[in-house]
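A single structure is presented below for examination.
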Amino acid sequence: ETLGGALHPASSEGAQSATEFLHGVEPAGASDLVAQVRAATRAVTADPTRDLRVVYLGDGASTVGYRRPDHLAAEVGALFRGQRATLTAVALGTDADTTALRTLARAGGGTMVPYVPGERVNDAALGLLEATYGVALRDPVIELPAGLTAVAPAKLGSMRAGSETLVIARMNGQDVSGEAVLRGTV
């Protein structure tokens, strides 16, 4: 189902309409993450002069369709490839499938933002805005000195300004020296 089938301006009336719409939605009992993202990207007409920002809010539990992270990444990546678009995934709840949500966000050139019970809604909203519209390093690649192998993660996701990413590597030998170089697109 869609709310009016078109984009709506941000307003208190729009928020009220969205609230009423969501209260009237009967859960269908199944979730297809790729189909949801596909529907969101098709809901607007492509405009080469504007960026498209898709925000997924949910627990990331896909009960039908693609469920394996590699398949999710391939399908969502194909939707966003060559587009001026990003996907930000908001993980709702403590039992959210953060692996699936990070995969969706990485494939869509965006990041995942956790929202957990007890977090102030204002703080979560600001985090979402920063993740969606803030500065990020996209398609990051790290070059490590010779002697470091078995790097994890093998593929880095987009990095928000000020965020941290842990990279682990196996050292082959007693000493390693050199520089770690991080490259990507801002």
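Keep in mind it's a predicted model, so treat the numbers as computed, not measured. Here, residue 1 is the first one in the sequence, and each next residue gets the next number.
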Indicate yes or no: at least one non-hydrogen side-chain atom of L92 is less than 4.5 angstrom from one of L57.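 The answer is yes; the side chains approach within 4.5 Å.
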
Step by step, would you call H23 with T19 a side chain to side chain contact (heavy atoms under 4.5 Å, CB included)? CA-CA 6 Å; H23 281 295; T19 300; 3.4 Å; yes

Minimum heavy-atom separation for P145 to S177, with atom names?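 Nearest pair, atom of P145 first, then S177: CB-O, 3.5 Å.
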
Quick one, R84 and R50 - any side-chain contact, counting heavy atoms below 4.5 Å? no

So which heavy atom on F80 is nearest to which on A107, and how close? CB-O, 4.2 Å

Is there a chain of hydrophobic side chains (I, L, V, M, F, W, Y, each step under 4.5 Å between heavy atoms) that links V141 to V135?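 No, V141 and V135 fall in different hydrophobic clusters.
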
Hydrophobic cluster membership, L33 vs L79, 4.5 Å side-chain cutoff: yes

Let me check something: do I142 and M171 share a hydrophobic cluster, defined by ILVMFWY side-chain heavy atoms less than 4.5 Å apart, either directly or through other members? yes

d(R120 CZ, L126 CG) to nearest 0.5 Å is 9.0 Å

Shortest non-hydrogen separation from R160 to A131 and the atoms involved: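 Smallest interatomic distance, heavy atoms only, reads CD-CB, 3.6 Å.
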
Can you see which heavy atom on Y66 is nearest to which on S62, and at what distance?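 For Y66 versus S62, the nearest heavy atoms are O-OG, 3.1 Å.
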
Audit row: T98, M112, side chain to side chain contact (heavy atoms under 4.5 Å, CB included) steps and yes/no: CA-CA 8 Å; T98 56; M112 186 202 71; 4.0 Å; yes

Identify the heavy atoms of A169 and L148 that sit nearest to each other, and give their distance. CB-CB, 4.0 Å

Could you state the interatomic distance from CG (L72) to OG1 (T103), rounded to the nearest 0.5 Å?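 Spacing of CG (L72) from OG1 (T103) equals 6.5 Å.
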
Report, as yes or no, whether the 6.0 Å neighbourhood of atom CD on E143 holds more than 12 heavy atoms from other residues, nucleotides or ligands.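 Atom CD in E143 is packed in, count exceeds 12.
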
Any chance OH of Y115 has more than 12 other-residue heavy atoms, nucleotides or ligands included, within less than 6.0 Å? yes

Candidate pair L182 and M159, rule side chain to side chain contact (heavy atoms under 4.5 Å, CB included), full reasoning: CA-CA 11 Å; L182 181 63; M159 299 175 176; 3.9 Å; yes

Say whether, by atom type as modelled, one donor and one acceptor occur between the side chain of T41 and the main chain of R38 under 3.5 angstrom.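 Yes, T41 side chain to R38 backbone: donor-acceptor pair under 3.5 Å.
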
Are L137 and Y133 linked, directly or through intermediate hydrophobic residues, by side-chain heavy-atom contacts shorter than 4.5 Å (ILVMFWY only)? no

What's the spacing between L101 CG and T111 OG1 if we round to 0.5 Å?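 Here the rounded value is 11.5 Å.
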
Looking only at non-hydrogen atoms, find the nearest pair between G109 and S158 and report the distance. O-OG, 3.2 Å

Take D32 and Q36, measure what side chain to side chain contact (heavy atoms under 4.5 Å, CB included) needs, and give me the verdict at the end. CA-CA 6 Å; D32 185 336; Q36 292 169 6; 5.6 Å; no

Only one of V90, V113, L87 forms a side-chain contact (heavy atoms from CB on, under 4.5 Å) with V55, so which one is it? V90

Between the side chains of T86 and R53, does any donor sit under 3.5 Å from an acceptor? yes

About how many Å separate OG of S31 and CG of D59, when rounded to the nearest 0.5 Å?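 Reported to 0.5 Å precision, the distance equals 6.5 Å.
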
L156 reachable from L144 in the ILVMFWY side-chain graph, under 4.5 Å edges: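 Yes, one cluster joins them.
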
Do N172 and T149 have side-chain atoms, one donor and one acceptor, less than 3.5 Å apart?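 The answer is yes; a qualifying pair exists.
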
